There are 2 protein chains.
Amino acid sequence: MSVKERKRGRPGRSQGQLTSDLIVSTARSLMQKNGKVPSIRQVSGALGVDAMAIYHYFSNKSALLEALTVSLIDDIYEPTVDGNWQVELERLCKSYLALLQTYPGLLETLLTMDTFGPAQRFSERLALALTPLRLSEATFTDAQDLIVDYMHGVALAMQCNPDNLSSDCIDGALGLVCKALEVSR
Amino acid sequence: MSVKERKRGRPGRSQGQLTSDLIVSTARSLMQKNGKVPSIRQVSGALGVDAMAIYHYFSNKSALLEALTVSLIDDIYEPTVDGNWQVELERLCKSYLALLQTYPGLLETLLTMDTFGPAQRFSERLALALTPLRLSEATFTDAQDLIVDYMHGVALAMQCNPDNLSSDCIDGALGLVCKALEVSR
DNA sequence: CTTAAAATTCTACGCTGTAGAATAATGGTT
DNA sequence: AACCATTATTCTACAGCGTAGAATTTTAAG
């Protein structure tokens with residue numbers, strides 16, 4: 001039952017090399033399984049590799065988490081401009097929430113990241129969902145800010161209190177926002 | 001320049017005993033100074049005491065953080081029912097935001113705590129600010145949910161991105177909510 | 001054939017929360 | 001005054017964390 005002693009140094013071309021994608025996807029599944037950000041040692045353990053090997057591909061842990069985030073962020077729902085905008089908005093929001101719930105730790109990385117691209121992803125899709133409304137520029141920005149930060153607040157609450165909250169808890173507040181937007185239209 | 005070796009065992013009555021309040025307030029000022037949750041060793045260091053002494057007063061770190069949270073939560077603005085409700089609402093929200101910004105780490109503790117009291121504190125004050133509107137029960141709940149989670153989202157964003165955001169960033173979104181509430185009144 | 005680069009492991013450091021044991025002073029009982 | 005349980009404290013230690021730096025081995029280029 002020995003744990004397969006590993007040989008030092010660069011491995012031969014036979015035994016598959018590590019890749020950053022492999023590392024990211026391993027980290028992703030650990031994150032999903034354990035409901036929290038895995039340690040570097042956990043990731044490397046799951047890969048059957050020394051912890052420091054990770055650092056050949058990522059300069060530090062947060063670089064890995066950022067890559068993870070980038071790889072996931074496009075999964076959120078892309079609303080269509082033609083449909084019922086309220087339905088599309090709800091779909092978008094619930095999909096975002098589901099993503100943030102499935103991968104706890106994503107939220108913090110998303111907001112902390114130096115590169116804003118991923119954080120803006122949801123804002124962009126939100127803009128899409130709101131275009132049918134033809135809001136004034138100011139109202140549009142306010143609505144975007146309100147919904148984005150509201151969603152992050154909900155996501156954080158669900159993350160801190162996993163048992164007590166379901167993703168349907170946004171229905172009421174979102175409905176209120178919709179009413180507001182219909183009036184401001 | 002020796003670091004004053006400490007004697008083991010219970011100290012004599014002369015040299016003032018530790019208290020949980022002293023520990024909490026030390027933790028508080030460290031949190032404020034360093035902009036993050038202090039380690040137990042940092043707190044004990046500032047108190048000139050061994051780290052494990054803390055555990056005589058708190059069963060674990062999160063118990064200390066919860067006590068800290070409880071001690072701070074009443075600092076948020078108490079809105080008056082008579083005044084202009086929009087002004088009162090804004091004051092309340094900005095005071096909450098300022099608190100969460102001054103003590104980063106408070107937010108997570110607040111949301112994670114098993115005892116909901118402190119987390120409801122803001123909701124209660126919010127209810128106060130909204131009473132002049134005489135909203136229907138459903139609308140009231142929705143508004144409360146919306147504002148609470150929005151505020152937490154903003155607080156988180158400011159915490160993750162301290163340089164980029166000021167507490168005035170809530171003006172627009174809050175204004176939108178106010179418009180919505182006036183209509184639903 | 002040599003050699004630089006690349007990919008990996010190993011060792012180690014300082015940090016974290018905290019369990020468990022040792023120690024010393026206190027306050028109450030006899 | 002002697003004893004003793006209780007209380008308040010320190011010490012030692014452990015497992016885990018991120019990661020710096022060096023050693024090691026293989027690959028690929030000249």
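Every chain is numbered from 1, with letters handed out A, B, ... down the list of sequences. For clarity, every value in this text was computed on a predicted model and none was experimentally measured.
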Subject >> Backbone of T102(B) reached by a side-chain donor or acceptor of Q32(B) within 3.5 Å >> reply: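 A pair under 3.5 Å: no.
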**OP:** State, to 0.1 Å, how close T69(A) and M113(A) come at their nearest heavy-atom pair, and which atoms those are.
**Re:** CG2-SD, 4.0 Å
Subject >> Heavy-atom closest pair, residues D74(B) and R125(B) >> reply: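 For D74(B) and R125(B), the tightest heavy-atom pair comes out as O-NH1, 3.8 Å.
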Original post:
Excluding sequence neighbours, so at least two apart, what forms side chain to side chain donor-acceptor pair (under 3.5 Å) with K179(A)?
Top reply: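 Side chain to side chain donor-acceptor pair (under 3.5 Å) list for K179(A), sorted by chain: empty.
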**OP:** Could you pull out all residues at least two apart from R28(B) that satisfy side chain to side chain donor-acceptor pair (under 3.5 Å)?
**Re:**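 Per chain and number, R28(B) pairs via side chain to side chain donor-acceptor pair (under 3.5 Å) with S71(B).
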**OP:** Starting from the 5' end of DNA chain C, give me the residue, R41(A) or G12(B), whose nearest nucleotide shows up first.
**Re:** R41(A)
Original post:
Between the two end axes of the helix from dC1(C)-dG30(D) to dT30(C)-dA1(D), each built from 5 base pairs, what angle do you get to the nearest 10°?
Top reply: 20°
Using whole Å, what does the distance between atom [atom2] of nucleotide [N] and atom [atom1] of [X] come to?
X	N	atom1	atom2	result
L65(B)	dG17(C)	CG	P	9 Å
Q17(A)	dT9(C)	CD	P	12 Å
L22(A)	dA7(C)	CG	P	14 Å

Subject >> Side-chain donor/acceptor contact of R8(B) with base of dA22(C) under 3.5 Å >> reply: yes
Minimum side-chain heavy-atom gap [X]-[Y] below 4.5 Å:
X	Y	result
L146(A)	D142(A)	no
D145(B)	C169(A)	no
F122(A)	L92(A)	yes
D149(B)	H152(B)	yes
E108(B)	C160(A)	yes

**OP:** Enumerate the residues from residues 106-114 of chain A whose closest heavy atom to DNA chain C is under 4.0 Å, giving them by residue number; use none for an empty result.
**Re:**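 Of all residues in residues 106-114 of chain A, none places a heavy atom under 4.0 Å from DNA chain C.
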**OP:** Within residues 29-39 of chain A, find the residues that approach DNA chain C with a heavy atom at under 4.0 Å, and present them sorted by residue number.
**Re:**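 The stretch gives none, as no residue of it lies under 4.0 Å from the strand.
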**OP:** Quick one: which residue pairs count as a salt bridge (Lys or Arg N to Asp or Glu O under 4.0 Å) with a foot in residues 31-50 of chain B, not counting sequence neighbours?
**Re:** none
How would you list, by chain and number, every residue that makes a side chain to side chain contact (heavy atoms under 4.5 Å, CB included) with [X], sequence neighbours excluded?
X	result
T131(B)	V81(B)
V37(B)	M31(B), K61(B), L65(B)
F116(A)	Q120(A), N161(B), N164(B)

Original post:
With sugar-phosphate meaning primed atoms plus P, OP1 and OP2, does R13(B) contact a base, only sugar-phosphate, or nothing at under 4.0 Å between heavy atoms?
Top reply: sugar-phosphate
**OP:** Could you list the residues that satisfy ring-ring contact (aromatic ring centres under 6.0 Å, His included) with Y150(A), not counting sequence neighbours?
**Re:**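 None.
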**OP:** For the pair R121(B) and Y96(B), evaluate side chain to side chain contact (heavy atoms under 4.5 Å, CB included) and give the outcome as yes or no after the intermediate values.
**Re:** CA-CA 10 Å; R121(B) 208 44 162 234; Y96(B) 192 46; over 6 Å; no
Subject >> 5' to 3' contact window, DNA chain D with chain A (heavy-atom distance under 4.0 Å) >> reply: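 With heavy atoms of chain A under 4.0 Å away, the range is dC17(D) to dT27(D).
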**OP:** Mind listing the residues from residues 48-62 of chain A sitting with a heavy atom below 4.0 Å of DNA chain D? Number order is fine.
**Re:** M52(A), Y55(A), N60(A), K61(A)
